[in-house]
Amino acid sequence: MNEALLQEYASGRSIVSGRFDDSHIVFDARSGLYFKLMGSTGILWDALVAGVKPALLVEKNANLSAPALVNLVRTLMRYDLLVVRAEAAHAAPSDQMLTRLARATEHFDIAVFDAYADPLLSKAMHDGSMPARGPGGAADPGAAPALDPQAVDAATVVGYARRVIEQARGAAGLFPRRFTIELPELTAEIHATAGRLADAIEHNLYRGPRANGGAERMTVFIAHPGIAGIRPPAPWVEREPHWPHDIAEILDAARLKASHFFNDWNHWYIYDPDAHTAVQLMHGADDYPPWEPAAPLRLFLHWHYAARGKRLAHCGTLGIGEAGVILAGPGGSGKSGAVLAGLLAGLQSVGDDYVLIEAGADVIAHRLFSTLKQDAAGIRRLGLERLIAPAAKADWQGKYDISFADVSCCDQPAMKIHAILVPRISGSERTAIAPLRRDAAMLALAGSSISKMHGDRDSGFRFFGDVVNRLPCYSLDLGGEPAEAAATIAGFIYRSRP
């Protein structure tokens with residue numbers, strides 16, 4: 001292995017990285033795994049992927065030994081963060097890199113975060129059972145006989161996506177329900193059938209006061225075989241794991257987007273950005289994933305806005321007037337409860353679960369959805385039992401939908417973001433806010449957001465990395481009293497305004 005010091009290296013396939021203060025976050029877009037490179041690891045990784053010879057790194061820094069660097073290289077290659085270059089680049093360290101290397105020691109540390117990864121791919125990486133890969137990077141389908149002559153695999157997914165769009169457009173006049181939704185700089189024309197999902201699209205998407213002149217248009221078909229001319233969704237037959245990032249790359253090359261749930265739903269989302277046409281294809285009018293009504297059209301909106309440099313983010317928001325903060329973190333971190341507590345205390349919000357983020361001259365959060373979510377315990381704690389009808393049923397997470405209009409008199413469409421707060425339920429009596437490392441904020445915001453938005457992973461990492469590096473970051477340890485938590489957050493927002 002010492003011969004590795006004579007090689008040149010590059011970053012592994014589908015790897016994106018960002019620097020946050022004194023550490024690196026590296027993201028493998030293929031598996032969804034995040035790596036935090038600490039100590040000198042990030043400095044040396046930068047040098048290796050820039051093409052600097054490992055032997056030169058040892059030569060330029062007396063603190064580094066060849067055996068230690070070999071062990072680091074082994075680790076990076078095991079995680080697929082480093083690959084041998086096909087052609088040596090013979091790069092020389094820049095003056096800036098030499099300055100950084102002078103501070104490097106043999107303190108190497110790599111932390112792996114797989115809470116947001118594709119479960120099968122993450123498990124395969126850790127237990128060494130990564131399946132063989134066929135041409136083009138997709139898993140070898142040789143052992144998987146076709147279950148259906150219409151079944152889809154990596155070789156046929158582009159043609160299938162185009163056929164689904166064509167059949168939906170051909171049946172456009174047969175959809176019994178048609179209505180229009182106005183969103184930020186987008187008008188969506190919906191073709192659907194009667195049912196809960198169509199109701200959710202019509203009522204759960206935010207229709208705020210906005211001038212939408214010159215807005216782009218999107219046509220959305222909520223399709224199923226109950227509509228004449230619509231065929232049942234085809235199954236995917238390539239053996240799992242299905243390498244979603246590789247499939248996304250195949251579709252991107254054909255200027256298409258698609259996502260598919262590999263389970264009994266056999267549910268497809270397909271989008272042609274050139275034709276501005278989206279199709280949600282399912283077996284029946286009610287055969288959709290249980291999370292769909294709370295944030296309908298989420299993937300289509302993600303793909304549309306991502307192409308325009310904006311992002312749907314899995315986060316909450318609170319503000320005073322047009323000045324606000326993002327609350328970033330996975331489910332169960334306290335985002336929704338904090339947002340509801342803030343609204344009841346007179347603060348404003350543009351969303352508690354998904355919002356649209358724009359990062360231009362300022363970071364702006366736009367409201368897309370008009371509902372909030374909370375579980376039964378939170379509803380009791382906030383004193384909102386009156387808002388839940390006796391016959392209401394909790395969703396798949398045990399949460400109930402609450403309308404913005406029921407808890408806020410302010411119709412807030414957007415707010416300028418001045419900070420990121422990462423909440424957690426602390427169990428303490430009082431709420432506390434303290435500075436937080438940017439790498440922790442990045443994992444909280446990007447990890448949760450990217451894992452829930454299929455496709456465009458690498459550009460999403462760069463987008464959220466830019467947002468995190470532009471804003472101050474804080475931890476938010478939530479106390480048990482909602483009014484006290486809301487007051488603490490309100491005081492912080494008031495002080496953080498320019």
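Side-chain atoms are counted along with the backbone in the values below, which use heavy atoms only and exclude waters and symmetry mates.
Salt-bridge formation is not detected for the pair E385/R380: no Lys NZ or Arg NE/NH1/NH2 atom is positioned less than 4.0 Å from an Asp or Glu carboxylate oxygen. The pair D466-R470 meets the salt-bridge criterion, since a charged nitrogen lies less than 4.0 angstrom from a carboxylate oxygen. D439 has no carboxylate O lying under 4.0 Å from a charged side-chain N of R19, or vice versa, which leaves the two without a salt bridge. Salt bridge annotation for D272-K257: absent, with no cationic side-chain nitrogen under 4.0 angstrom from a carboxylate oxygen. Taking 4.0 Å as the cut-off between side-chain N and carboxylate O, R177 and E202 count as a salt-bridged pair.
Using modelled atom types and a 3.5 Å distance limit, the side chains of S336 and D352 yield a donor-acceptor pair. Looking at H276 and T219, their side chains never bring a donor and an acceptor atom within 3.5 Å of each other.
Side chains of I270 and R162 form no contact here, defined as non-hydrogen atoms less than 4.5 Å apart. R169 is listed as a side-chain neighbour of T277, based on a closest heavy-atom distance under 4.5 Å. A 4.5 Å side-chain heavy-atom check between R424 and L478 finds every atom pair outside the cut-off. At a threshold of 4.5 Å between non-hydrogen side-chain atoms, the residues H304 and M218 count as touching.
Annotation: ring pair (Phe, Tyr, Trp, His ring centres under 6.0 Å) contacts involving residues 309-345, sequence neighbours excluded, comprise H314-Y354.
Under the 3.5 Å distance criterion, the side-chain polar atoms of H267 are matched with a main-chain donor or acceptor of D287. Checked by atom type and distance alone, the side chain of W303 pairs as donor or acceptor with a backbone atom of H454 at under 3.5 Å. A donor-acceptor contact shorter than 3.5 Å is absent between the side chain of T187 and the backbone of E182. Not one N or O on the side chain of D252 forms a donor-acceptor pair closer than 3.5 Å with the backbone of E249. Distance alone, capped at 3.5 Å, places no donor-acceptor pair between the S449 side chain and the A446 backbone. Judged by distance alone, the side chain of D456 and the main-chain N or O of S459 form no donor-acceptor pair under 3.5 Å. Q412 places a side-chain N or O within donor-acceptor distance of the main-chain N or O of G321, the cut-off being under 3.5 Å. Without hydrogens or angle criteria, D28 side chain to L33 main chain gives no donor-acceptor distance under 3.5 Å. A distance-only check finds a donor-acceptor pair linking the side chain of S349 to the backbone of T317 [under 3.5 Å]. At distances below 3.5 Å, at least one donor-acceptor pair connects side-chain atoms of R438 with backbone N or O atoms of L471.
Each of V339, L382, L387 was compared with V407 under the side-chain contact (heavy atoms from CB on, under 4.5 Å) criterion, and only L387 meets it. When R298, K399, K335, K373 are each tested for a salt bridge (Lys or Arg N to Asp or Glu O under 4.0 Å) with D353, only one passes: K373.
The two residues P482 and A341 come nearest to each other via the heavy atoms O-CB, 3.7 Å.
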Stepwise side-chain contact (heavy atoms from CB on, under 4.5 Å) check, V26 with V16: CA-CA 6 Å; V26 179; V16 195; over 6 Å; no

Criterion side-chain contact (heavy atoms from CB on, under 4.5 Å) on S31 and H245, from CA distance to verdict: CA-CA 8 Å; S31 68; H245 184 70; over 6 Å; no

Test side chain to side chain donor-acceptor pair (under 3.5 Å) applied to Y160 and D153, step by step: CA-CA 9 Å; Y160 178 70; D153 60 16; over 6 Å; no

Working for salt bridge (Lys or Arg N to Asp or Glu O under 4.0 Å), residues E216 and R308: CA-CA 11 Å; E216 295 185 82; R308 288 147 186 82; 2.5 Å; yes

Verdict with reasoning, H203 to S370, per side chain to side chain donor-acceptor pair (under 3.5 Å): CA-CA 8 Å; H203 300 296; S370 60; over 6 Å; no

Pair L197-D286, side-chain contact (heavy atoms from CB on, under 4.5 Å): steps then yes or no: CA-CA 7 Å; L197 184 54; D286 297 320; over 6 Å; no

Residues E185, K310; criterion salt bridge (Lys or Arg N to Asp or Glu O under 4.0 Å); working and verdict: CA-CA 12 Å; E185 301 177 353; K310 304 172 186 179; 3.0 Å; yes

Chi angles and distances behind the side-chain contact (heavy atoms from CB on, under 4.5 Å) call for H418, V363: CA-CA 8 Å; H418 296 287; V363 177; over 6 Å; no

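Note on ring orientation: taking the six-membered ring where Trp is involved, the planes of F300 and Y269 are perpendicular (angle over 60°, cut-offs 30° and 60°).
Cation-pi geometry between R367 and F404 is met: under 6.0 angstrom from the ring centre, within 45 degrees of the axis.
Remark: H191 pairs with no residue by the side-chain hydrogen bond (donor to acceptor under 3.5 Å, both in side chains) rule, at least two apart or across chains.
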